[in-house]
Amino acid sequence: MLTVVGFLIVWQVVTIVGLLRADQLPPVTDVVSSLIVSLGQPTVWLAVGRTILTLVIGFVVTSVLGIILGVLLGLSVPARKSATVVLETFKAVPAIAVLPLAILMLGSTPAMSVFLIFFAAFWPLTIQVIYGVRSIDPTSLDAARSLGTGGVRTFLVVIIPSASPYIVTGLRIAGISALSLTVIGEMVGGAPGLGREILIARNNGLVMLPTMFAYIVIAGVIGVGLLLLLGYLEKKVMFWHESQRSLARPVDLR
Amino acid sequence: MTSTSASLRSLGRTGWSTLLNLLLYIWLPVGLLLLWVAGSAGSRSPFFPPLTKILIQLESLWSDGTIPEQLVYSLSSLGMGYGAAALIGLIGGVALWWFPAADRAARPLLFFLYALPAIAVLPALIAIFGTGQPRQVAFIALGALWPTLFNTMDGLRSVDSVKLDTATAMHLSRWQTQKWVVFPAALPQIVAGLRASLQIAIILMIVSELVGSDRGIGYFILQSQSNFAITNMWTGILVLAMLGLVLNVVFVLIESRVLRWHYRSRALERTR
């Protein structure tokens, strides 16, 4: 906590001494008072609500489709081989490059943001799920088959839990990129939400600069909330897997 | 004689299965590409011009120097930004691993900066640095350094304790232990971090050109879109897609060289 206080003090001193002018960086005290004022206004809450809603919809759509396709591809070797090049290619393509196209086709809407989220997060998640399915001990799949367990039940009871270390990592990565794509869609694409409010504040000049910084702080709080939530869910879901996790968990932090 | 023909026969068989395997890998991407060519051939849709038209446009924009000029600018921002991110991430990661107290103290602040979507900081950086290239470089560096930083720190910290005990038993000095045991063991994870940083840096390079910029491929795409020069927009998208692919392939090639020993030992372990 000490460094946070130190950081804020340095910020304040830099602005008071005049190292950075007020039109470059407003003093902490101004930002804090703007933060308090804006938290009392419905605009901010509405914008935050819209951002979170877009984020959740994009994340859920991507997760459901990514997990289903990943499992299907993971279970069949020819299907996986056929899809590998396409998945890896789309994963390497920076999703943000299609933003102008998405704006043309879908306009400055939440749907455009959801499309962006999907286009960015779907490929890495699917690849991660495939890894997870391939890591399953074939014996447990054979056992399920010989016990006559049906497709859906095998999916829910055998495949998903066995592949979960990889799936959970994939979901964490997808969640983080979903948040940044949401804000990008709002800030560059003009979809309603906190990102657009940041840009509007910026375009309203010097008076609104502290407010803009206050909104940036709110965006950071959303990010922290998301990471803590994903970490919490991971612990909740994976508690039984803890012992294996350090071995099974692939190193990929994004 | 018989053994030669047998080995020839088996060679033939592996040759066939390699070919089949290759076909399995490429039929879908090739098919999709052909589908794009055929499906867009007579296209009158304003959003999806024929692929052939896009490629012809790409050729002419490439040879008249429009695209190379923007590309050079984008790549210079990317190079400086990613270089700074990698350097800060590596040095910072080593420093925080070496001084656990500093790590504990800095954690809340680092966590906040990491969790903050990088794009949200962009207007603040524009306010501080103005709209030139330094702002873009700072933006790329600030957004992309986290995977390298955290992976370096985690990689160094999670070295197998058996290896450390072995080093002690062999009377390696502290420096020798770092050099021969800790750093090699952490390297795969550090490289994974560098790779994730590169992917983020490419995205942020584009974003930084979409907001408050007047140069670069990202700017070119957005400008073409707002002028309804849709074919130009598509050429820009293709260039960025190729850029992402090429940089990824280059990284994987370098990675497989640097980490060759690691993959070999892993492959050995699997055969055991």
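Residue B:Ile217: no heavy atom, backbone or side chain, is found under 4.5 Å from chain A. Of the atoms belonging to A:Leu101, heavy atoms from both backbone and side chain fall under 4.5 Å from chain B. Proximity to chain A (any heavy atom under 4.5 Å) is shown, for B:Leu247, by neither the backbone nor the side chain. At a 4.5 Å heavy-atom cutoff, B:Leu125 makes no contact with chain A through either its backbone or its side chain. Of the atoms belonging to B:Phe220, not a single heavy atom falls under 4.5 Å from chain A. For a residue to count as touching a neighbouring chain, one of its non-hydrogen atoms must lie under 4.5 Å from one of that chain's; by this rule B:Phe228 touches chain A with the side chain only. At a 4.5 Å heavy-atom cutoff, the contact between A:Met105 and chain B is made by backbone and side-chain atoms alike.
Here the CD1-CG distance, from A:Ile96 to B:Leu204, works out to 9.5 Å after rounding to the nearest 0.5 Å. Note that the CD atom of A:Glu186 and the CD1 atom of B:Ile119 stand 10.5 Å from one another [nearest 0.5 Å]. To the nearest 0.5 angstrom, B:Tyr114 atom OH is 5.5 Å from A:Leu227 atom CG. Atom-to-atom distance recorded for A:Ile103:CD1 and B:Leu222:CG is 6.5 Å, nearest 0.5 angstrom.
In this structure, A:Leu104 and B:Phe47 approach most closely via the heavy-atom pair O-CZ, 3.8 Å. Between A:Val4 and B:Pro108 the shortest heavy-atom distance is CG2-CB, 3.9 Å. For B:Pro117 against A:Ser180, the heavy-atom pair with the smallest separation is CB-CA, 4.3 Å. When every heavy atom of B:Leu240 is checked against every heavy atom of A:Pro94, the shortest pair comes out as O-CD, 3.6 Å. Shortest non-hydrogen contact noted between A:Ala97 and B:Ile237 is O-CG1, 3.3 Å. Taking both residues in full, the closest heavy atoms of A:Pro78 and B:Leu24 are given as CA-CD2, 3.9 Å, listed atom of the first, atom of the second, then distance.
Ranked by heavy-atom pairs under 4.5 Å with chain B, the first of A:Leu25, A:Val85, A:Val221 is A:Val85. In terms of heavy-atom pairs under 4.5 Å with chain B, the best-connected choice from A:Ala83, A:Gly220, A:Pro100 is A:Pro100. Looking only at heavy-atom pairs under 4.5 Å with chain A, the residue among B:Ile26, B:Ile221, B:Ile202 that has the most is B:Ile221. Counting heavy-atom pairs under 4.5 Å between each of A:Lys81, A:Glu88, A:Met212 and chain B puts A:Lys81 at the top.
Residues of residues 191-202 of chain A that come within less than 4.5 angstrom of chain B, heavy atom to heavy atom, are A:Ile198, A:Arg202 in numerical order.
A heavy-atom distance below 4.5 Å is not found between the side chains of A:Phe90 and B:Leu245. Side-chain contact between B:Phe111 and A:Leu228: present, with at least one pair of heavy atoms (C-beta onward) separated by less than 4.5 Å. Inter-residue side-chain proximity for A:Met187 and B:Pro123 is flagged as met; some heavy-atom pair is nearer than 4.5 Å.
Dense packing is recorded around CZ of A:Arg80, with more than 12 heavy atoms of other residues, nucleotides or ligands lying under 6.0 Å away. Annotation: A:Phe119, atom CZ; neighbour count of heavy atoms from other residues, nucleotides and ligands within 6.0 Å is above 12.
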Does A:Ser82 form a side-chain contact (heavy atoms from CB on, under 4.5 Å) with B:Tyr25? I'd like the steps, not just the answer. CA-CA 5 Å; A:Ser82 303; B:Tyr25 274 107; over 6 Å; no

